[in-house]
2 protein chains.
Amino acid sequence: MSHMGNQLTSNVFKALGHPTRIQIIKLLRKGEQCVCDILPNLKSEQSNTSQHLTVLKNQGIVESRKDGSKVIYSIKNKEVYKMIDLVEAIILRQTEETKTSLTI
Amino acid sequence: MSHMGNQLTSNVFKALGHPTRIQIIKLLRKGEQCVCDILPNLKSEQSNTSQHLTVLKNQGIVESRKDGSKVIYSIKNKEVYKMIDLVEAIILRQTEETKTSLTI
DNA sequence: TTACTATATTAGCAATATCTAATATAGTAA
DNA sequence: TTACTATATTAGATATTGCTAATATAGTAA
C-alpha cells in the first residue's frame, strides 16, 4: 500500500480543505440529499455550491444520482467522517494546549 | 465534540493538501529529523521546504526543537498517519472502480 | 573578530482557487 | 409549444498559494 503518489493523496485532502465542503459533508451525515435540500443550509450561491459538489465528487468523496429533475448527493466513502473526527481531535488538543500555556 | 468551526477543520486539511507536505510527513514516520536530513529527500528549494514546514507547524501537525544550530522536526499529532491511511484506502477503491468500469 | 553552516523570512511573481453573474441544460407541467 | 424548476457550466474578476531568489538570523568554530 505504501507506494501511492502523494499527488493523489494531497488532492483528496485539498478537496476537504474548504469550510463549505466540510459543511456539505456534515449535512450528508443524515443521509442522501438533493441539491435543493443542501442549498438552503449554506451561505453560498447556487452555482458556487454546485462547484463545491463537483470538487467533492471528483475526489470520490461524494456521489450523485438523478431523480427526476433533482440530483441526489450522498457520501461515497464514509472514511471521510473518521478523518473529520481525527482532525477535530487534533484541534481540540491544540486548543487545550493553548489554554494551558495561557494559564501557567 | 460536534461544534467546532469548519474553518479550523478545513485549515488542517488544507495544510495536508500538498504533495511535498505529505512527503515530509511520511519522512517523519521514521522518527524526528533535522531539516538538514529532510532537505535532500525533497525536490524543493531550502526556503520552500522551510515554508512547507511552517504550514505544517501552524496547524499542529508537526513540532520542532532546536539542537545547536540544527532544528529538529517531529510529528506532533500521530492521527495524521491514520488520516493518510484512510485517504489511501479511498484512492485504492477509486482505482479499482475505474479499472472495473474499463473492463466491463 | 571573521567565516561558515543551518534555517527562517521576505518580496515579487506565477499558478491556482474561489467567487459572482450570466448562461446552458434537462426535466416537468400546462 | 411555453413556462417553470433544478442543476451545471462558463467567463471573468479577485483572492490565495506556491515558488524562486535574495536577505536575515542564529549557532559554531577558527
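Every chain is numbered from 1, with letters handed out A, B, ... down the list of sequences.
Ionic pairing of B:E79 and A:K82 is not present here: no N-O contact between side-chain nitrogen and carboxylate oxygen is shorter than 4.0 angstrom. Remark: B:K70 does not engage B:E32 in a salt bridge, criterion side-chain N to carboxylate O under 4.0 Å.
Looking only at distances, no side-chain donor or acceptor of B:Y73 sits under 3.5 Å from a matching main-chain atom of B:R65.
Atom CD1 of B:I72 and atom P of C:dA8 are 11 Å apart (whole Å). Atom CD of B:Q46 and atom C1' of D:dT25 are 12 Å apart (whole Å). To the nearest angstrom, C1' of D:dA8 lies 15 Å from CG of A:L56. If you measure from atom CD of A:E45 to atom P of C:dT20, you get 5 Å, rounded to the nearest angstrom. Rounded to whole Å, the distance from CG on B:N58 to P on C:dT9 is 9 Å. In this structure, A:N48 atom CG and D:dA15 atom P are separated by 15 Å, rounded to whole Å. Between the CG atom of B:L39 and the C1' atom of C:dA8 there is a distance of 12 Å, given to the nearest Å. For the pair B:D67 CG and D:dT28 C1', the computed distance is 13 Å after rounding to whole Å.
Within the 4.0 angstrom heavy-atom criterion, base atoms lie near B:S47.
With the nearest nucleotide of DNA chain C identified for both A:S69 and A:T20, A:T20 has the one nearer the 5' end.
Candidate nucleotides D:dA8, D:dA11, C:dG27 were compared by shortest atom distance to the side chain of A:Q51, and D:dA11 ranks first.
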